[in-house]
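Each chain gets a letter, A, B and so on, in the order the sequences are listed, and its residues count up from 1.
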Protein chains: 2
Amino acid sequence: MSPETQIENRPTKRGPRHVARQAMEERILDAAAWVFSQSGYDGATMAEIAIKADLPKANVHYYFKSKAGLYSTVLSKILATWLDQMNAFTADQDPAMALKRYIHGKIELSRVYPIPSRVFANELLHGAPFIDRELATDLRDEVDRIAEVFKTWKERGRIRPVDARHLLITLWAATQTYADFEVQVDTVLRAKAGEKAVFQAGAEQLTEIVLRGLGLEVPRE
Amino acid sequence: MSPETQIENRPTKRGPRHVARQAMEERILDAAAWVFSQSGYDGATMAEIAIKADLPKANVHYYFKSKAGLYSTVLSKILATWLDQMNAFTADQDPAMALKRYIHGKIELSRVYPIPSRVFANELLHGAPFIDRELATDLRDEVDRIAEVFKTWKERGRIRPVDARHLLITLWAATQTYADFEVQVDTVLRAKAGEKAVFQAGAEQLTEIVLRGLGLEVPRE
DNA sequence: CTTCAATTTGACCATTTGGTCAAATTTCGA
DNA sequence: TCGAAATTTGACCAAATGGTCAAATTGAAG
């Protein structure tokens, strides 16, 4: 058995076919996220997604059997990104620093991934018919964990008592809004959203209000 | 000319025909708001709206020529409701009281009108293609006015300097979320949203954090 | 070079949708 | 009561949509 054969037999697929397939799937997913974010699930059409991906419509269906599958994949990916960031929120940190990092990080995600963020918001708005399972398991678990973090902080006298769940709801709403409701942000600020400075200013004021609101000092750095 | 004739000639239409028409329009608008909130603009069908209003589809088209017109009417009505509430926000009040009232009032609107609220959120999410004009005029004017209120407070030393526009964005996001993303609220709280207690708790904690965050005392009453 | 699975693509289809229309019916004012 | 205007409603239609399919093409492995 030659070394080459050995390498090619490893379980993780690496053939050129597989690599090309993954690239094509990503290309289609990007196009789909864009179209879903513009038109919602029902408003989006496979034809438009195909045009955006610069592929014949039948080819899109070759990679993703149904519109629903395509949509669910977009949702799962952005949810995973958010859960991953929440994971950095731990009890061993200083509450003020942890919150500041979380707020800034979350707003940064809004800035970098506004498109899937809007797709997700649309899904929630309609009662999460496609992603309800993942919400009730993965998200709920993560929220429970963070609630424990706040409980720990409270017991150690590091933070004033606060309802961690309502606080998370507030933080999500306030951070997501810069991605999801860009038109509203434009209108209110009389400026072009999407600009880095807008996100920066939003993150800073939100951090300051929330930290002071919880009786914490705003960390310098 | 008899008195009756006099009365019936007044410009404000009051004939039984007109009253019946208005009742029918409201009935259709309610049904439409419901369906739009569930399915979005494209996902909603005139057939479903007709069923919800318990009318033949052609009859819905008799009162509202197009789906777009029906949708725009739903949007305008809820925006007017919000602008009306913002109008109570004036410089002559105590900042803490004004903010507390605004937050509680806004969350109350979320509780009472969750359905049109979601329709509006959906519209914003997709870039406000139908209501962009009203945003750029009515909403912008009202925001400018409130920015002036904060400026006045600051000059009188009644409040610490704060970016009123970013603050409004935060308040809207945090109050709307209880109506718009009910599924998420359910998941996070492990409870049924829509319950009055949830809105009450959310309003109180949000008020406390924001007021303290701005260096204000939370009013007793 | 051959082979064969993977991929590409145009043509096609059943279903759904917003909207129209004309005929039937109801209702209000005179 | 009568006539005109407003309303109601079933039937219908053109356009759009998600998805299918079979024939053609490609490209990696032996």
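By the 4.0 Å N-to-carboxylate-O rule, A:R145 lies too far from A:E148 to be salt-bridged with it. Between A:E48 and A:K52 there is no salt bridge, since no side-chain N of the basic residue sits under 4.0 Å from a carboxylate O of the acidic one. Contact check on B:R190 versus A:D144 returns a salt bridge, with a Lys/Arg side-chain nitrogen under 4.0 Å from an Asp/Glu carboxylate oxygen.
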Test log, rule side-chain contact (heavy atoms from CB on, under 4.5 Å), inputs B:T170 and A:T170: CA-CA 9 Å; B:T170 298; A:T170 297; 5.6 Å; no
Criterion side-chain contact (heavy atoms from CB on, under 4.5 Å) on B:I49 and B:T45, from CA distance to verdict: CA-CA 6 Å; B:I49 292 171; B:T45 72; over 6 Å; no
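For the OP1/OP2 pair of D:dA6 and a distance below 4.0 Å, the side-chain nitrogens and oxygens of B:R21 include no atom meeting the criterion.
We find that CD of B:Q22 is positioned 12 Å from P of D:dT7, with the value rounded to whole Å. Between the OH atom of A:Y71 and the C1' atom of D:dT17 there is a distance of 18 Å, given to the nearest Å. Here D:dT9 presents its C1' atom at 13 Å from OH of B:Y63, a figure rounded to the nearest Å. In this structure, A:N59 places its CG atom 5 Å from P of C:dT8, rounding to the nearest Å. Remark: P of D:dG18 and CD1 of A:I28 are 15 Å apart, rounded to the nearest angstrom. Rounded to whole Å, atom P of D:dT9 lies 14 Å from atom CD1 of B:I51. Rounded to whole Å, atom C1' of C:dT20 lies 19 Å from atom CZ of B:F64.
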Nucleotide-resolved protein contact map, nucleotides 13-19 of chain C, B/S/- at heavy-atom distance under 4.0 Å: ----SBB
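Comparing D:dT8, C:dT7, C:dG10 against the side chain of A:Y62 picks out C:dT7 as the nearest.
Taking the six-membered ring for Trp, A:W82 and A:F120 have ring centres closer than 6.0 Å.
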